[in-house]
Amino acid sequence: MEAMDDHETNSGGKDEAKPIMVILMGAPGSGKSTFCDLVMRLPTRRPWVRICQDTIGNGKAGTKNQCLTGAASALKEGKSVFIDRCNLDREQRADFVKLVGPEVEKHAVALDLPAKLCISRSVKRTGHEGNLQGGKAAAVVNRMLQKKELPKLNEGYARITVCQDEKDIQAAINTYSALGPSDKLPLGFFGQKNSDAKVQLGIMKFLKKKDPPGCSDPVTNVSPENIQSHTTKEKDSNQVLESCEELKKASVGSSISLENAPTLAFPSISTADFHFNLNKASDIIVEKVEEYVNKLGNARLVLVDLSQNSKILSLVRAKAAEMNIDSKKFFTFAGNITKLYSEGGLHCNVIANATNWRLKPGGGGVNAAIFSAAGPALETATKARAGSLSSGKAVVVPLPSSSPLFSREGVTHVIHVLGPNMNPQRPNCLNNDYDKGCKILRETYSSLFDAFASIVRAQGEPCNFEKEFKGEVQLDQGSRNSDQKVKREAVCEADMNKKYKSFVKELGPNVGSSGDGNTDGQTRKAWGGWAQALYDTAMHPERHKNIIEMSDDVVVLNDLYPKAQKHLIVLARVEGLDRLADVQKEHMSLLKTMHSVGLKWAEKFLSENNSLIFRLGYHSVPSMRQLHLHVISQDFDSNHLKNKKHWNSFNSPFFRDSVDVIDEVSQYGKAILKDENILSMELRCHRCQSAHPNIPRLKAHISSCQASFPAFLLQNGRLVFLEGIDANH
DNA sequence: GTTCTAGAAC
DNA sequence: GTTCTAGAAC
């Protein structure tokens with residue numbers, strides 16, 4: 001909570017007094033009323049009004065509407081308000097956020113204290129305004145806490161403070177009581193999450209379905225999106241169940257937002273240590289962003305600076321607005337670039353590092369911060385890519401999964417860039433030659449955005465897919481510089497050994513007949529002996545039992561290790577069609593046949609058990625040779641489902657729905673594949689999307705979760721279930 | 001794909 | 001101490 005300990009108020013601007021609305025949230029007993037009392041005790045500061053649902057009814061139980069009316073009129077009078085009610089879930093808070101326009105800054109202060117503490121306080125107290133005391137309190141608090149959703153920036157708050165202990169609360173009280181009538185607080189997300197949170201972070205966060213869009217406020221400097229489920233820490237299974245219900249509501253009608261999109265977070269290059277003129281730099285940033293932002297499909301660019309009062313951010317913001325740059329695809333963000341997800345809820349899979357020519361840690365600023373946050377893994381991986389960097393250039397470093405930036409923040413790549421130096425105190429200064437400086441800075445941003453584009457393309461984002469097939473040259477900024485080792489393969493450093501081993505294996509006797517050659521520059525694993533079973537079944541079905549249907553095109557068999565009550569495989573019988581990556585337009589009719597055969601079986605199972613729900617699809621990177629379609633019921637009730645890979649191979653974008661594959665192949669001539677790396681991402685319920693720390697807990701949860709499936713799965717026939725039987729239940 | 005198991009996490 | 005994961009062998 002460094003920010004609050006410093007009493008970071010900014011009374012610099014002589015703005016006229018502007019009221020703010022502070023929405024408190026916390027269980028009974030968390031200390032909301034005390035919080036307000038303590039802040040308001042100081043008469044010299046900002047005029048405050050406390051809107052408390054327990055007292056607003058004048059003896060009778062107050063209503064939410066009374067609170068809304070009360071808050072609106074206080075704000076109209078120019079007073080700042082505290083909304084003192086539990087406000088534990090998003091829906092409860094939403095009406096207050098919507099109450100007034102962007103002219104009133106909305107803050108959230110969450111008093112997120114241990115349940116035990118709130119309960120013991122509630123049980124003990126007498127004379128509570130809401131008359132919640134004694135034995136009943138425990139049950140009520142418990143029930144309420146199960147609904148708890150920590151506030152997120154995308155609900156519309158300019159500032160969020162999460163307090164998890166008394167020290168945090170005191171700091172927040174200090175912050176708000178020191179706030180004069182025209183002072184402004186730094187915006188963004190403040191407050192530590194429990195470091196022992198059970199939430200596993202992985203790349204999933206870039207891919208998961210999101211809250212409905214539309215909460216973005218172009219005036220503020222915060223991301224329009226935020227974390228979905230940091231609230232799952234320490235939840236017991238009951239609580240998770242409860243939150244299913246909430247998510248169920250939330251998932252109805254939600255649409256896919258850009259939060260899934262690949263995102264590059266970058267600092268302003270050369271304007272800190274290298275003293276580049278801010279005005280000129282902001283022109284170049286906006287110019288380059290405008291040039292690239294529409295070439296990047298859905299991918300997003302985010303300019304990040306540590307300070308909310310950052311001059312470069314406000315310059316760029318103003319110029320970007322002038323140029324009408326799509327604020328969903330480009331925005332500024334005040335926060336620590338190494339903690340964008342964990343502290344700011346912003347998902348950035350790629351971050352740029354303004355580094356030094358030696359590509360070494362240290363030197364202060366962003367470079368020191370990124371190297372330090374990423375751990376030694378980044379240094380090693382960087383060394384493997386390049387030994388030095390010249391200005392104007394960029395080098396892409398895939399971040400090993402061992403790096404905390406990868407596991408905690410979900411950063412998969414760091415792009416090092418070196419901008420022009422205008423600081424005479426530093427080596428290679430351009431002596432105020434801004435002609436040259438601007439030219440190099442432009443080149444730097446081009447290198448950066450090209451490098452990002454190459455990552456986006458390599459990840460096969462649908463939005464960029466078409467371009468890839470129009471024969472655009474794959475840019476690999478990282479291997480362009482002459483003074484560095486050329487490593488074309490965009491694989492994680494951590495995978496190098498494995499890949500090398502499998503390459504060596506490939507030379508051995510185990511190689512399958514249909515070449516494991518390199519198409520499109522990607523290394524392919526050789527098939528182990530154990531991986532040939534399906535191939536053999538396809539070629540010689542007569543040698544195998546367990547086959548339930550056979551034709552010239554396909555063989556259908558029960559999966560030997562079913563991962564659900566019903567799990568079968570529709571196997572293609574074409575020689576040389578080892579996996580989805582081999583599928584081309586010429587296989588369209590085969591794909592359709594496989595789909596209809598799979599569908600027929602799903603329908604047969606449905607006729608026997610109408611509560612089943614099926615999904616048909618392929619693994620992006622199968623373990624077994626020979627193209628096969630999985631037809632799997634969505635109960636995942638099976639002892640064979642044992643690990644993360646099992647789960648994620650059926651419940652992440654790694655699983656490619658047959659309907660989508662058919663669309664993609666017909667449109668682009670091949671299917672979009674996801675990397676195996678995503679199999680190590682966090683475990684989330686396929687229905688309510690709640691996160692779970694391990695497989696046993698996940699399985700316990702899914703055995704009873706009845707939440708609606710995400711909207712994505714309910715579309716385009718991705719899920720197969722009986723008409724009239726609602727897949728939501 | 002599974003099985004086995006060391007050692008991390010609890 | 002037990003549970004769980006993840007890597008290697010097959």
Side-chain angles (χ1 to χ4, degrees), chain A residues 194-204 232-237 377 400-404 406-408 491-506 508-512 516 524-538 544-547 555 557-564 567-572 578-580 617-632 636 638-652 654-655 676-684 691-702:
Chain A
N194 280 343
S195 52
D196 59 346
K198 298 285 185 295
V199 182
Q200 302 170 55
L201 301 180
I203 356 184
M204 179 60 172
T232 43
K233 62 184 178 196
E234 295 293 352
K235 276 190 176 177
D236 63 32
S237 51
S401 53
S402 57
S403 166
F406 182 101
S407 53
R408 190 189 65 221
V491 291
C492 286
E493 185 63 16
D495 292 342
M496 285 294 190
N497 274 341
K498 236 192 287 172
K499 301 250 171 175
Y500 177 70
K501 277 182 199 155
S502 56
F503 174 71
V504 171
K505 242 191 201 167
E506 219 172 306
N510 243 346
V511 185
D516 281 318
R524 278 184 169 175
K525 274 183 296 192
W527 302 109
W530 47 264
Q532 306 280 358
L534 285 180
Y535 171 74
D536 201 61
T537 306
H544 296 264
K545 41 187 184 180
N546 202 22
I547 287 173
V555 169
L557 62 152
N558 285 305
D559 194 293
L560 191 55
Y561 300 95
K563 303 297 185 294
H567 181 185
L568 51 79
I569 279 174
V570 181
L571 187 58
D578 286 353
R579 65 205 117 197
L580 193 49
Y618 300 85
H619 286 157
S620 286
V621 185
S623 298
M624 305 287 281
R625 177 180 176 194
Q626 195 65 12
L627 183 71
H628 56 281
L629 172 72
H630 290 271
V631 178
I632 185 165
F636 296 105
S638 162
N639 289 331
H640 296 293
L641 200 160
K642 291 175 176 167
N643 58 45
K644 206 175 227 187
K645 181 173 180 179
H646 292 155
W647 179 258
N648 283 332
S649 69
F650 290 101
N651 292 290
S652 77
F654 184 85
F655 187 82
E676 270 175 296
N677 286 333
I678 67 173
L679 292 173
S680 59
M681 70 196 188
E682 63 186 352
L683 297 166
R684 274 181 188 272
H692 299 268
N694 55 46
I695 289 287
R697 295 268 289 271
L698 173 75
K699 291 180 85 171
H701 166 79
I702 59 167

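Every chain is numbered from 1, with letters handed out A, B, ... down the list of sequences. All figures in this text were calculated on a predicted structure; none of them were measured in a lab.
Between the CG atom of L560(A) and the C1' atom of dT3(B) there is a distance of 14 Å, rounded to whole Å. Computed from coordinates, the H692(A) NE2 to dC10(B) P distance equals 16 Å when rounded to whole Å. Computed from coordinates, the Y535(A) OH to dG1(B) P distance equals 19 Å when rounded to whole Å. Separating the CG atom of N643(A) from the P atom of dG1(B) is a distance of 10 Å, rounded to the nearest angstrom. Rounded to an integer number of Å, the gap from NE2 of H640(A) to P of dG1(B) is 13 Å. Note: CH2 (W647(A)) to C1' (dC4(C)) measures 17 Å, nearest angstrom. Regarding N648(A), its CG atom lies at a distance of 12 Å from the P atom of dT5(C), rounded to whole Å. Separating the CG atom of N694(A) from the C1' atom of dT3(C) is a distance of 8 Å, rounded to the nearest angstrom.
Taking F655(A) as the reference, F650(A) meet the ring-ring contact (aromatic ring centres under 6.0 Å, His included) condition, with sequence neighbours excluded. Qualifying side-chain contact (heavy atoms from CB on, under 4.5 Å) partners for K645(A), counting only residues two or more places apart in sequence or in other chains: S623(A), N643(A), L679(A).
Both thresholds, 5.5 Å between centres and 30° between ring planes, are not jointly met by Y561(A) relative to the base of dG1(B), so the two rings are not stacked.
Close to dT2(B), at under 4.0 Å from its OP1 or OP2, lies a side-chain N or O of H646(A). When the side-chain nitrogen and oxygen atoms of H619(A) are compared with OP1 and OP2 of dG1(B), one or more of them lie within a distance under 4.0 Å. Checking the phosphate oxygens (OP1, OP2) of dT3(B), a side-chain nitrogen or oxygen of K642(A) falls inside 4.0 Å.
In this structure, K699(A) contributes its side chain and S638(A) its backbone to a donor-acceptor pair below 3.5 Å.
At a threshold of 4.0 angstrom between heavy atoms, the contacts of I695(A) are confined to the sugar-phosphate backbone, with no base atom among them. Among the atoms of the strands shown, none is found under 4.0 Å from any heavy atom of K645(A). Here H628(A) lies out of heavy-atom contact (under 4.0 Å) with every strand.
You'll find that the side chain of M624(A) is closest to dG1(B), out of dG1(B), dT3(B), dC4(C). Residue K563(A) has its side chain nearest to dG1(B) when only dC4(C), dG1(B), dT3(B) are considered. Comparing atom distances between the H630(A) side chain and each of dG1(B), dA6(C), dC4(C) picks out dG1(B) as nearest.
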- Step by step, work out the side-chain contact (heavy atoms from CB on, under 4.5 Å) result for K644(A) and L683(A). CA-CA 7 Å; K644(A) 206 175 227 187; L683(A) 297 166; 3.6 Å; yes

- Item | Criterion side-chain contact (heavy atoms from CB on, under 4.5 Å) on H567(A) and V631(A), from CA distance to verdict | CA-CA 6 Å; H567(A) 181 185; V631(A) 178; over 6 Å; no

- Task: Evaluate side-chain contact (heavy atoms from CB on, under 4.5 Å) for L698(A) paired with F636(A), printing each intermediate quantity in order.
- Result: CA-CA 11 Å; L698(A) 173 75; F636(A) 296 105; over 6 Å; no

Are there any protein N/O atoms within less than 3.5 Å of an N/O atom in nucleotides 7-9 of chain B, and if so, which ones and at what distance?
none

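Between Y618(A) and L580(A), the closest heavy-atom pair is CB-CD2, 3.7 Å.
Residue L534(A) is tested with V555(A), L557(A), D578(A), L627(A) for a side-chain contact (heavy atoms from CB on, under 4.5 Å); the sole match is L557(A).
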